[in-house]
Amino acid sequence: MCGIVGYVGKKDCTDVLIDALSKLEYRGYDSAGIAVFEKNAIKVEKTKGRLKDLVDKMAEDGKPAGHCGIGHTRWATHGEPSDINSHPHGNKRISIVHNGIIENYKEIKDFLIKEGYGFESETDTETVAKLLDYYYDGNPLDTIIKVLAEIEGSYALGIIFRDFPDRIYAVRKDSPLIVGVGEQENFIASDVPAILKYTRDYYLIEQDEICELTAEHVRIYDTRKNVIEKELQTATWDIDAAEKGGYEHFMLKEIHEQPKAVKMTVSPRVKNGMPDFSETGLTVEKLKQYHQIFVVACGTAMHAGLVSKYVIEKIARIPVIVDIASEFRYREPLIGEGDLLIVISQSGETADTLAALKLGKQLGADTFALVNVVGSSIAREADMVLYTNAGPEISVASTKAYSVQIAAMYLFAFEVAYAKGKITEEECRKYVSELMEIPDYIEKTLECKTICQQTAAKLMNADSLLYIGRGLDYALSMEGSLKLKEISYIHSESYAAGELKHGTISLVTKQMPVIAVATQKGLIEKTISNIKEVKARGAMVVLVCGETLDIEDGVADCIIRLPEVDEILMPAIAAVPLQLIAYYTSVLKGCDVDKPRNLAKSVTVE
Ligand code: F6R
């Protein structure tokens, strides 16, 4: 999704903007641009392509020299990636950058055309720029307030006015925005990593708050022009957490951070050996009363929800309905008072998940958000919030966020099972203590790197792959399959192993490798039979299983052995080789591992 930044201070503004935008590259983008005050005029440089293309272009055109400006990385929604559609948009008087979607842009555009405005781009953003120009009366704040009253949709906007070359304005609704506060310099950004090199202090901007920044001050207003006092936040993680730290890719770094991330997520939520969610307001009394639990999310976060369904239903005996947020929100879900809606999101900004959360709330359910990004929209909207302490996840392909999500959901499952009287205190303590050992097991599992690399070499030329498993292994293999396709561009499907013979097995040939996950003791024999079925049809089989499993010769071509823990906890460990296989396949194919094509880290559109 688009990233916005802005800088006002004493430094070379262009350098700061490019540097800050580079920290937002993980969001995914196809064009980039900046607008900087140069001798009191707005100078715009923008281009389709990567930040490097923008830097090259500026080397030819002359780099804008100034101390105040805004910048943007665009992830195309309205209009193809092109120089013209790139941001900033506007004219000599006003220039803006935008993250989000203006839903009523067509009406506004029609109106402005009647008023004599011309349009160059196909973007929704250009209509906001021109609407600002239409209302501009010399007072930026009044102008912005008039425009906010007319635009619908989501936005984080950075705005500069030629008449005020020492300041930046910014406003948000349903798209993230922070204001970084430095010494004699201030910043706007879509996310904290953009400003960490310069300052750790920032304000979290709420819906429709309008910010005015100069080098000396930051003022924040509501839409009635009242000044709002806000609490300054301080980023607890430093720049290293947002840098690669010696790893070739963020994804590999983040895979290796999983032991620490799981520890950071679980440990603070365990008191005297028992789960403790008191920080969220979720009490044992409340948990006892829920009739059903809904878990709603997108992509990897939804896969984490699926793992939790198997675990919660197995040990707490309460129905868990897992849904994709974009489906849930439009299917008139049977959710209401007495139900608990859990939404899971790394970014906390995913548009569909946010909408699902609002819907669940409106229908009377209690809402609980499991979120990584502190202060994000989903975290703020939910009745209760539990932060996963994974630190920033930069790689588009989610790895450590998945691990911490399932870890937190395990703890939640133990708590519900205990609250519902389905497990004793002793059993609960045992589960908790095993969960607390998972970081060490993940660490040990990371040693399977070499075999995953060798496996990737065998898979890299395949056109299509199958992942199979039963029960929790099936839930996990969905994530393995997603990981592979998103970063290596190899098509893959995840199938319940027992379902293959009902149609899909007709696809299996020598050309179709199969990755089988078999960690669930009670299901292993069944899964092995399914593996033999695909093997008999020529498939190359990679088997991921526990270290003690006795396997006949010839069942699999390659076996990845894992340390063994209680079988309900096995997905936390078995996720690692699946992530590594995807990672090495992508590397071997020469793909852009951290920024796969067409994808964005924070999906703020439907
Ligand atoms: C895949 C991936 C996505 C996200 C999904 C939800 O690796 O990262 O599938 O899981 O877009 O994002 P969040 O968790 O930010 O709501």
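Residue numbers count from 1 along this sequence. Here the structure is a predicted model, which means the values were calculated and not measured. Just follow the structure's listing: the first ligand is 1, and inside any ligand the first atom is 1.
- Near Ala397, meaning under 4.0 Å from one of its heavy atoms, ligand 1 places the atoms 7 (O).
- The cationic atom of Arg172 (NZ for Lys, CZ for Arg) does not lie both less than 6.0 Å from the six-membered ring centre of Tyr155 and within 45° of the ring axis.
- Considering only non-hydrogen protein atoms, atom 7 (O) of ligand 1 sits nearest to Glu486 OE2, 2.5 Å.
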Exercise. Apply salt bridge (charged side-chain N to carboxylate O under 4.0 Å, His left out) to Glu447 and Lys444, showing your working.
Key: CA-CA 6 Å; Glu447 289 167 14; Lys444 204 164 160 223; over 6 Å; no
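- The single protein non-hydrogen atom nearest to atom 5 (C) of ligand 1 is Cys298 O, 3.6 Å, given as residue, atom name and distance.
- Shortest contact from atom 15 (O) of ligand 1 to any protein heavy atom: Ser347 OG, 2.6 Å.
- Protein heavy atom closest to atom 16 (O) of ligand 1, with residue, atom name and distance, is Thr350 OG1, 2.4 Å.
- Within a 6.0 Å sphere centred on CE of Met264, other residues, nucleotides and ligands contribute 12 heavy atoms or fewer.
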Quiz item: Could you go step by step and tell me if Lys197 and Asp19 meet the salt bridge (charged side-chain N to carboxylate O under 4.0 Å, His left out) rule?
Solution: CA-CA 9 Å; Lys197 185 168 162 187; Asp19 173 66; 3.5 Å; yes
Quiz item: Given Lys485 and Glu493, is the salt bridge (charged side-chain N to carboxylate O under 4.0 Å, His left out) satisfied, shown in steps?
Solution: CA-CA 9 Å; Lys485 63 188 150 198; Glu493 293 289 334; 5.0 Å; no
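- Only side-chain heavy atoms of Lys483 come within less than 4.0 Å of ligand 1; its backbone N, CA, C and O stay farther off.
- Taking distance alone, with nitrogen or oxygen atoms compared against 3.5 Å, Ser398 approaches ligand 1 more closely than that limit.
- For atom 11 (O) of ligand 1, the closest heavy atom belonging to the protein is Val603 CG2, 4.0 Å.
- For the side chain to side chain contact (heavy atoms under 4.5 Å, CB included) with Ile394, the qualifying choice from Glu25, Lys23, Glu254, Met251 is Glu254, the only one to do so.
- In the vicinity of Ser345, heavy-atom distances shorter than 4.0 Å reach the ligand 1 atoms 13 (P), 14 (O), 15 (O), 16 (O).
- For atom 14 (O) of ligand 1, the closest non-hydrogen atom on the protein side is Gln346 N, 2.6 Å.
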Practice problem: Tell me, with the steps shown, if Leu411 and Val432 meet side chain to side chain contact (heavy atoms under 4.5 Å, CB included). | Solution: CA-CA 7 Å; Leu411 206 56; Val432 171; 4.1 Å; yes
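- Ring orientation note: the planes of Phe368 and Phe412 are tilted relative to one another, at an angle of 30° to 60°.
- The N/O atoms of Gln405, backbone and side chain alike, include none that comes under 3.5 Å of an N/O atom in ligand 1.
- The closest approach between a heavy atom of Val396 and any atom of ligand 1 is below 4.0 Å.
- Here atom 4 (C) of ligand 1 lies nearest to Thr300 when heavy atoms of Thr399, Leu599, Thr300, Val343 are compared.
- Under a cutoff of 6.0 Å and an axis angle of 45°, Arg269 and Phe277 do not form a cation-pi pair.
- The contact set between ligand 1 and Ala301, taken as ligand atoms under 4.0 Å from a residue heavy atom, comprises 10 (O), 14 (O).
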